[in-house]
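Start at 1 and go down the list; that is how both ligands and their atoms are numbered. As the structure is a computational prediction, the values presented were derived from the model and not from experiment.
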Amino acid sequence: MTGKTKVAVLLSGRGSNFVALAEACARGEVPAEIVVVVSNRTDAPGLERARERGIPVTPIPGKGVPREVHEARVLAALQGAGAEWVCLAGYMRLLSEGFIASFRHRILNIHPALLPSFPGLEAQHQAWAYGVKVSGCTVHLVDAGCDTGPIVLQRAVPVLDDDTAESLADRILEQEHIAYPAALRLLLTRPWHVDGRRVLFT
Ligand code: GAR
């Protein structure tokens with residue numbers, strides 16, 4: 001018994017948020033251990049970053065596979081690893097109601113905008129192109145919508161006049177790497193409940 005919560009990370013790409021979570025766990029800042037990293041893309045660089053850290057990886061290709069079949073495989077991998085929580089870290093697939101019900105209020109996502117503004121793909125570019133003066137990132141519980149679940153934590157990032165979408169994305173990413181471990185730590189160490197759309201810490 002380590003007293004640590006077993007967390008699975010699902011990713012599709014470079015995996016920098018996974019690394020931020022893994023390092024915060026390793027430093028003891030988050031009372032969790034990442035027990036498996038699952039990717040729907042076999043070539044996701046995040047898988048290599050997990051292997052380097054000795055964390056088990058399970059690539060489960062999603063392309064051309066029916067959603068229910070793919071999700072059943074992912075669920076089996078998570079259950080096989082004993083995962084109690086799931087952190088989506090750049091996981092570019094929507095999860096079904098059924099999958100979410102298996103981990104009710106125990107699936108987290110990070111999104112690179114201040115939700116409910118700019119859900120979906122390329123949120124940083126959407127925010128920059130719209131001309132907002134403040135953007136940021138959001139950690140939220142996952143429901144079956146696209147970036148719609150109850151919000152746990154947000155961090156704001158000013159948009160500068162000379163920003164490009166890329167420079168803004170870089171500064172948002174720095175805040176993501178702070179926000180994601182902080183949100184997981186809060187949820188694992190403080191009493192909380194969901195009241196409608198609101199996540200309340202007591
Ligand atoms: C992050 O910016 C994350 O917020 C975003 O994908 C990137 C993944 O980067 N997620 C979404 O847009 C989900 N809607 P990473 O692989 O380096 O963590």
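Leu11 contributes atom CG, which lies 10.0 Å from atom CG of Leu88 (distance to the nearest 0.5 angstrom).
Each of the following atoms of ligand 1 lies closer than 4.0 Å to a heavy atom of Met92: 6 (O), 10 (N), 11 (C), 12 (O). Heavy-atom contacts of Asn17 reach the following atoms of ligand 1: 1 (C), 15 (P), 17 (O), 18 (O) (cutoff under 4.0 Å).
Of the N and O atoms on the side chains of Ser96 and Glu71, at least one donor lies less than 3.5 Å from an acceptor on the other residue. Between the side chains of Ser16 and His177, at least one donor-acceptor pair of N or O atoms lies under 3.5 Å.
Within a 6.0 Å radius of CZ in Arg41, no more than 12 heavy atoms belonging to other residues, nucleotides or ligands are found.
At least one heavy atom of Asp147 lies less than 4.0 angstrom from ligand 1. Remark: distances from the non-hydrogen atoms of Glu122 to ligand 1 are all 4.0 Å or more. Heavy atoms of Gly15 come nearer than 4.0 angstrom to ligand 1 in at least one pair.
Here the heavy atom of the protein found nearest to atom 8 (C) of ligand 1 is Gly90 CA, 3.6 Å. Atom 10 (N) of ligand 1 has Ile110 O, 3.6 Å as its closest protein atom, hydrogens excluded (heavy atom only). The closest protein non-hydrogen atom to atom 12 (O) of ligand 1 is Pro112 CD, 3.4 Å. What sits closest to atom 4 (O) of ligand 1 on the protein, heavy atoms only, is Glu176 OE1, 2.6 Å.
Of the possible polar contacts, none joining the Glu97 side chain to the Ala144 backbone as a donor-acceptor pair under 3.5 Å is found.
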(message) Assess the residue pair Arg171 and Glu174 against the criterion (salt bridge (charged side-chain N to carboxylate O under 4.0 Å, His left out)); give the C-alpha distance rounded to whole Å, side-chain angles, the decisive distance to 0.1 Å, and a yes or no.
(response) CA-CA 5 Å; Arg171 289 206 317 291; Glu174 285 174 16; over 6 Å; no
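Residue contacts with ligand 1: Ser16 is placed with a nitrogen or oxygen under 3.5 Å of a nitrogen or oxygen of the ligand (distance criterion only).
Between Thr138 and the options Gln154, Glu176, Arg155, a side chain to side chain donor-acceptor pair (under 3.5 Å) holds for only Gln154.
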